[in-house]
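Chain identifiers are assigned alphabetically (A, B, ...) following the order of the sequence lines, protein sequences preceding nucleic acid strands; residue numbering begins at 1 within each chain.
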Amino acid sequence: MAELKAKHQRMTLVILALVAIVAAGLIATWTLRNQANYFYLPEQIAAEPPSVGQAVRLGGMVQAGSITTQSDGITVNFVVTGNTADTVSVTYSGILPDLFVEGSGVVAEGSLQADGTFLATNLLAKHDENYVPRELEGLDGHQEPQDAAAYAETVAGLEQAR
Amino acid sequence: MIAELGLAALWLSAALAVLQMVSGALGLRDGPDGQNGPDGKARAQSYAIYARPAAVVQAFLAVLAFGLLLYAFAVTDLSIKLVETNSHSAKPFIYKLTGTWGNHEGSMLLWVAVLALSGGLLAGLERRLPEKTMSATLAVQGFVALGFYAFLILSSNPFERLPVAPLEGSGLNPLLQDIGLAIHPPTLYVGYVGLSIAFSLCMGALITRQVTPEFAKVLRPWVLGAWVFLTFGITAGSYWAYYELGWGGWWFWDPVENASLMPWLAATALLHSVSVLAARDALRTWTIMLGVLAFSMSMLGTFLVRSGVLTSVHAFAVDPERGSFILALLGLYIGGSLAIFAVRASSIAEGTRFTATSREGALVFNNVMLSAILAIVLLGTLYPLLTEAFDVRVSVGPPYFNPAGAIFAIPMFAVMAVGPLLRWKNDNPGRIQFELKALLAIVIAVIALVAILGDYSVLSLLGLGMAIALAVAAFLPLRGRVLRRVPLATWGMVMAHFGVAVSLFGMASESAFTTERLAAMAPGDATDTGGWTIQLEEVSPVAGPNWTAMEARIMASRGDEEPTLLTPQARNFWSPPQPTSESALITRWNGQLYAVIGDRAGVDARGRERWQIRVWWKPFVTFIWYGGVLIAMGGILSIAGRVRVDLKRRNAKKIAGQRRADLDALDEDKLPEPAE
């Protein structure tokens, strides 16, 4: 074995590199498959809620008229809508992103609470007029409810029929 | 006139790139070395003679074109479409200039100008390579440049005129109106494009089968230089995002950030592998492969950032020409180089052997780990794009990158600590068992100590433990040596490795020990976080050249030191209209206090108007960027050391040559010229 190794050191190196890259690929695929459960629309929260406390992202539109600020001045409640009638109430303590407005898209990072509300630790809204969080591409304020069956296969379809 | 001149310079550069490519390729025509008759060699060289001047003149022209665009921005020439869409006469002068590359066309012109400039430098300065390898290198460089000239001229002309010049421009994205834009993109681009030289040299050496330690010594300064710029660029970009975005985060695993991290990972691997090739004549094909990989990652990064594919696949569809153009270039260069690699790699003789427990072995291991991390980042970045093609949207963030990257980063840091202590070729690990045990003891002690203090995440604990052990390990190679005699390049390595430790410590400390306070405060109210007392004095409107803002005056103090004034602002730019948040920072040796002001937060019980104030105390967060700077400085030291040794050798050779010539003059019968 030792002799074989000495004779074919280049081969050994190639195999070592391949093994590492394949391992990286496998780890990546395995972790990414779990990531499929990372991004949720309100209807997905309703259908298959993530476990309480699991770190996920919730994406959707901020329902018009739903933003209320509590008396402490920093805790905000609002409702996120998706492509169906399902909605999720979100609680967030913090400074709202510059372009966070009703009727616009938002991605909330946080976790689902036992009472069914979503506690957000961070909000991602549009940075500027040109940049929209990838997950919200195609969602806009004037959406019609979609045929949910069309999205049964997809993990997080946000495509908008125009 | 300016615009037409700029465009003409670009066309001329493209023509020169063709000349450089053809002339360099013709220089190769007469078969491999050794088969040349004296005639054939002379003919080949007469063809190749145009390649160098073509590269040098091209560099002048491309830089001239960029200079002209810079001038157009400086004087806000609104008849040029690019200036109109990205500038405004009321913008501060420095941001007018930096706005030149704050857009797609301008930044591609900068890319091409740097590409031509580095090609010109290579052609003008490099004399050590065999002439044939040089011809092949210049041909490849010309070919690469030609593709990007075509892209610029045909699909992203920065000098396009408007039929009617408007009275005012539309302005620059306010997030980009920051000194960060002056530093971050140009340094990053120099790094990206410097890797093109490494790529061309690797292809040249592969084509002529001259993968030798001599070649590695030529390649090394280019790789080091590009890597230093990439390191600076990433560090500056991270700090810029940290204070400009107002979220208190320093790395978001954003695809654009990943696009700059991937070439850095490949270049880091390449840089170490080149050193093995130069010192030990091992890892020949591996080095070539990494050279191809590093520039491929640069181009992929450019494609991801510049095609619009990142913000959305739909933006891609809006301007399919650009995206598919870069994709075609990407396919051509990566596919072409891999094809040549596949054909030629087997004919490169295997280099010197080594065992697993040797310095080469450690370097190979970490090369593989770096490649694996690169694969993790690459897959994580591309995965959302792939699934999106099937209308599935996913979000890949820290929960993926952190653990998946750590699986490979942890063994890499461990080997990085001990690798430099091993001897070349073959070593007995028992020789350094004291060091191994001491380092392991440090890791365990630090983790145990911190774990007692509080409840911190596993990765933070590991990071802290490894950072301290790495910091000690970085200096171990100096042990028992006369410090004055240690070569500069070794100091460079020590400094860069220490920089990694410093940076890692900053990251782990920031994630473990950050405290924050979010409060609705009326003027006069006070709050505290991380040992700081924060008092809001007043909130008042202020105005800048192209914005208005609400500015908070906050006095922050710690212990019995004098209070320091912090003035975070919530700005509203009016052209284009956009709100931004300007954070305010207090930097101490052991961390940073970071304050932002948010919206109005209603009135308190006594009817006073309140404001949202958010303050973080981030212990040792600055170490992240100090570490980055140390890493880059290590690279600079290393370049300086190598260049100094080269110059010394060249001088010695010259003196020896002189002496021989004198001897020859004394003796009547002349000795033959020494072989190079």
If you count heavy-atom pairs under 4.5 Å between each of B:R610, B:R614, B:R600 and chain A, which one has the most?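 Between B:R610, B:R614, B:R600, the count favours B:R610.
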Any idea which of B:G380, B:A375, B:A519 has the most non-hydrogen atom pairs under 4.5 angstrom with chain A?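 Top option by heavy-atom pairs under 4.5 Å: B:A519.
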State, with a plain yes or no, whether a side-chain heavy atom of [X] is found less than 4.5 Å away from one of [Y].
X      : Y      : answer
B:R608 : B:D525 : yes
B:F408 : A:I27  : yes
B:E257 : B:P255 : no

Side chain, backbone, both or neither: which part of [X] has an atom under 4.5 Å from a heavy atom of chain A?
X      : value
B:F354 : both
B:L378 : neither
B:I407 : side chain
B:W286 : side chain
B:A522 : neither

Using only heavy-atom distances, determine whether the side chains of B:T287 and B:S273 contain a donor-acceptor pair under 3.5 Å.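 Yes - a donor-acceptor pair under 3.5 Å links their side chains.
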Are B:N426 and B:S358 close enough that a side-chain donor and a side-chain acceptor fall under 3.5 Å?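 No pair is found: no donor N or O on one side chain lies under 3.5 Å from an acceptor on the other.
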Quick one: what part of A:S93 sits under 4.5 Å from any heavy atom of chain B, side chain, backbone, both or neither?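 When you check distances to chain B, atoms from both the backbone and side chain of A:S93 fall under 4.5 Å.
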Measure the acute angle between the ring planes of B:W253 and B:F401, then classify it against the limits of 30° and 60° as parallel, tilted or perpendicular.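 The rings of B:W253 and B:F401 lie parallel, inter-plane angle below 30°.
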